Number of protein chains: 2
Amino acid sequence: MARDDESFKEATLSDAIPAGDGAPTTHSQRSHKAAPTIYDIAELAGVNPSTVSRALSKPGRVSVKTQKRIEDAAAELNYRVNVFARALPTGRTNTLGLIVSDITNPAFFDIIRGAEEAAAERDYTLMLAESTESAERELTVAQRMAATVDGIILASPRLGDEQIRQLATNKPVVVVNRQVDSITSLVADIDAGVTDAVRHLAALGHTKLAYVGGPEQSWMSSRRWESIQARCAWSSLEVSLVAAGMPTVDGGSKAATAVRADGATAVFCYNDLMAIGLMRELQLAGIRVPDDLSILGFDNIFGSDFTTPPLSTIKSPLRESGGGAVRRMLDELDGSASSTMSPVLRTELVVRGSTGRVSQEK
Amino acid sequence: MARDDESFKEATLSDAIPAGDGAPTTHSQRSHKAAPTIYDIAELAGVNPSTVSRALSKPGRVSVKTQKRIEDAAAELNYRVNVFARALPTGRTNTLGLIVSDITNPAFFDIIRGAEEAAAERDYTLMLAESTESAERELTVAQRMAATVDGIILASPRLGDEQIRQLATNKPVVVVNRQVDSITSLVADIDAGVTDAVRHLAALGHTKLAYVGGPEQSWMSSRRWESIQARCAWSSLEVSLVAAGMPTVDGGSKAATAVRADGATAVFCYNDLMAIGLMRELQLAGIRVPDDLSILGFDNIFGSDFTTPPLSTIKSPLRESGGGAVRRMLDELDGSASSTMSPVLRTELVVRGSTGRVSQEK
DNA sequence: CAACATTTGGCAACCGGTTGACAAAAGGCG
DNA sequence: CGCCTTTTGTCAACCGGTTGCCAAATGTTG
């Protein structure tokens, strides 16, 4: 029963040990390292390995009596299942991949934490990776992940719809902050927040607005722009897309000249990071926020209230999106893919100091 | 040669497909999904599977002629090695784990990116996880990781030395920002930066300094404190540890009262985040930085120059630490563990606006 | 108590690579 | 050309679980 080739698996481990004494030592060193297997448990419990396997993974397939005996033996040996051995025949790894476009973007912090939480809840491990805002890299990373995870969650992907569908033919995919036909998608309802925001600005006397967009491949940026346009049209306000750039502080700074040239009195930025960058840059140029210009961000990231003035923003349910995506994925994997809609994710206007009454002396 | 139980591995995939037609379809659906194996290559190239295995992983073990034939066949089939099948007998996964204490801390951004880069360079995948500043969680995460990675890198670990050594008996461990006996450690030389900083403050007329520490389990926080004490003693400056807290913006804010009570004219903070929080809180209370009080951070994280005034700080070689840790680990795994020291990592004073001449009217 | 239905456990094949041992083939040399 | 060394490829066992199939054990019922 005991395999006679134990030297096999420990080869790499002993390599790591500084070259020392001769062969004899090697043996004793190994003994306490070899991880227990179901064969060891089987022997200890006096049953067949397959029975152990069933006891440990197929609830109810084995009588309570043997179940108990096996569990005790497993506990005694401090048994841990070998994930590779399990994955080989089944293909299941109990691991989910999450790809974000930029780990330094606080908007993803909550998405990540929400996902992490939901995964842990159902005993799954989350594997995190970033695409650094590059579609190409995103594909590479996703394909590499596909080999080892049970499903992939793409948060704000930069990939094209077709590539995403392609990816989904290998492993289930759930997309956050993007709508892709025939792919499970989670998108918060942004109209709610935008509606409130436009109403808020109108009430403050603004009539000429502007939007600073994010990356061109960003579905969410276009979506926000559409929503803003629609609500402005409804309220008979003028609005134009004045710039677009990286969804970062730096990207926001770079939009400053375009914003000044446009002459709008209030500006929506694709996200808080850009809003912060824009605000900083304008302030350096002597423009007062909100007296001369009102600025609005999206997302309500951690730290958006640290600026002076604190940023008014349209809050996104980030944590809920991350958690929701994982739960949807896990339901799909379990087959309990309730076609029921995921909980509605709503956005909400958060008014702070960066929006104010339009100034008279303009 | 062809295995007759192909239904085996695809079970989960077909589960994901909406329940549809009966059994017959199942067959045709599978055909184009089954990933090619070395057995397929062997057949196509007319050799034994083991020869394929050798050609693909043991350079030089096979004649150039067959090597070419096999590579062509592999390319034609678009073969990708099954990592689980490989990991089962060898234990090697070509994956490294990186555990940070807090993914929202910008100090880790560069460590992560540096590590990511170095790993990609040598065809390793990086698996990222965070301990959310909890020693217990760090252990859980590390143990979970240990099962699937070739080595673990701990960045600013909260674990005790003994636990780290314990962990290292299973898988090689490299520690960043901490020194642990008998464990490979990477720590930047902080004395250089601290020396310059103390000299800088002394030149500005400060005589009474303070230090706001990080978490108690933080080895780095103690180390910085020691260094500061030593340099102050050398320059005959008074210095005291006035507070300690979470290494976050919030933790810094909370130290404000203690700092005010202490009466020092210049404060070192454990890291930039705390420095930013402290500065904000003090400014809200009407204290002028640097006129009333000088503030210094550590690390020079992204954004530390966004504050008003921009933060003076002691820069850490974060990216180099991350990359260096991965390279050390990989060298160890390859057996080429050159006992040669890793490149020296130096810190450096960055003077910006938060440090200034001590005010007279105090 | 016999006949039948249902649990429960064991056997063996299998997932897809890796590797030690060995034999066949190729190359070198006198 | 024969003998010996080296290279190259094959065989078969193995990593550690999972699962279809079957037989034994157990339970149920008339």
Side-chain angles (χ1 to χ4, degrees), chain A residues 1-13 30 34-43 45-70 74 77 79-94 147-148, chain B residues 1-13 30 34-43 45-70 74 77 79-94 147-148:
Chain A
M1 182 145 297
R3 277 67 193 309
D4 61 340
D5 192 18
E6 311 211 339
S7 61
F8 210 60
K9 66 163 297 204
E10 297 298 337
T12 60
L13 263 120
R30 259 160 214 159
T37 71
I38 55 168
Y39 295 89
D40 300 328
I41 298 179
E43 198 172 14
V47 296
N48 190 282
S50 61
T51 306
V52 176
S53 173
R54 291 199 178 95
L56 265 29
S57 51
K58 294 258 185 325
R61 176 60 225 273
V62 152
S63 72
V64 263
K65 234 182 68 192
T66 21
Q67 176 85 31
K68 172 97 173 66
R69 207 141 40 91
I70 289 170
L77 295 172
Y79 171 78
R80 312 244 48 135
V81 56
N82 178 320
V83 289
F84 304 117
R86 205 217 283 286
L88 190 46
T90 62
R92 301 278 311 244
T93 60
N94 267 54
T148 57
Chain B
M1 183 145 297
R3 278 69 194 305
D4 62 339
D5 191 18
E6 311 211 339
S7 60
F8 212 59
K9 66 161 296 201
E10 297 298 338
T12 61
L13 262 122
R30 260 159 214 160
T37 71
I38 55 169
Y39 296 88
D40 299 328
I41 299 179
E43 196 171 17
V47 295
N48 190 283
S50 60
T51 306
V52 175
S53 172
R54 292 203 172 91
L56 265 29
S57 50
K58 294 258 185 323
R61 175 62 223 273
V62 152
S63 71
V64 264
K65 234 181 69 191
T66 22
Q67 176 84 30
K68 171 99 173 65
R69 205 139 42 91
I70 289 171
L77 295 173
Y79 170 79
R80 312 244 46 133
V81 57
N82 178 322
V83 288
F84 305 117
R86 205 217 282 286
L88 190 47
T90 63
R92 301 278 313 243
T93 60
N94 268 52
T148 57

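Computed from a predicted structure; not experimentally measured. Each chain gets a letter, A, B and so on, in the order the sequences are listed, and its residues count up from 1. Computed from heavy atoms alone, side chains included, the values below leave out hydrogens, waters and symmetry copies.
- The side chain of Tyr79(B) contributes an N or O atom lying less than 4.0 Å from OP1 or OP2 of dG17(C).
- Distance, Asp40(B) CG to dG17(C) C1': 13 Å, rounded to whole Å.
- Side-chain atoms of Thr93(A) come within 3.5 Å of backbone atoms of Thr148(A) as a donor-acceptor pair (strictly under, hydrogens ignored).
- Residues Val47(B) and Ile70(B) are in side-chain contact: their nearest non-hydrogen atoms beyond the backbone lie under 4.5 Å apart.
- Protein atom OH of Tyr39(B) is 13 Å distant from nucleotide atom C1' of dA13(C), rounded to whole Å.
- Proximity of Thr51(A) to Val62(A): side-chain heavy atoms (C-beta onward) are separated by under 4.5 Å at one or more points.
- If you check every strand for non-hydrogen atoms under 4.0 Å, Ser63(A) touches sugar and phosphate atoms only.
- The side-chain heavy atoms of Tyr79(A) and Ile38(A), taken from C-beta on, include a pair separated by under 4.5 Å.
- With distances taken from any side-chain atom of Ser53(A) to the nucleotides dT19(C), dT18(D), dG16(D), the minimum falls on dT18(D).
- Side-chain proximity of Val81(B) to the nucleotides dG17(C), dG9(C), dG16(D) is greatest for dG17(C).
- Within the 4.5 Å cutoff, side-chain heavy atoms of Ile41(A) are placed close to those of Leu77(A).
- Closest to the Asn48(B) side chain, of the nucleotides dT10(D), dG17(C), dG16(D), is dT10(D).
- When rounded to the nearest whole Å, the span between CG of Asn94(B) and P of dT18(C) equals 11 Å.
- Considering only side-chain N and O atoms, Arg86(A) lies under 4.0 angstrom from the phosphate OP1 or OP2 of dT18(D).
- If you check dG17(C), dG17(D), dT10(D) against the side chain of Ile38(A), the one that comes closest is dG17(D).
- The base of dG20(C) is paired with the side chain of Arg54(B) by a donor and an acceptor separated by under 3.5 Å.
- When the C1' atom of dG16(C) is taken as reference, atom CZ of Phe84(B) falls 12 Å away, rounded to whole Å.
- Atom CG in Leu56(B) sits roughly 16 Å away from atom P in dG16(C) (whole-Å rounding).
- For the pair Arg61(A) and Thr66(B), both in contact range of DNA chain D, the more 5′-proximal nearest nucleotide belongs to Thr66(B).
- Thr51(B) comes within contact range of at least one nucleobase, with a heavy-atom separation under 4.0 Å.
- Going from atom CD of Gln67(B) over to atom P of dT7(D) covers 16 Å, rounded to whole Å.
- Residue Lys58(A) contributes atom NZ, which lies 14 Å from atom P of dG17(D) at whole-angstrom precision.
- Rounded to an integer number of Å, the gap from Asn82(B) CG to dG16(C) C1' is 6 Å.
- An OP1 or OP2 oxygen of dA12(C) is reached within less than 4.0 angstrom by no side-chain nitrogen or oxygen of Ser50(A).
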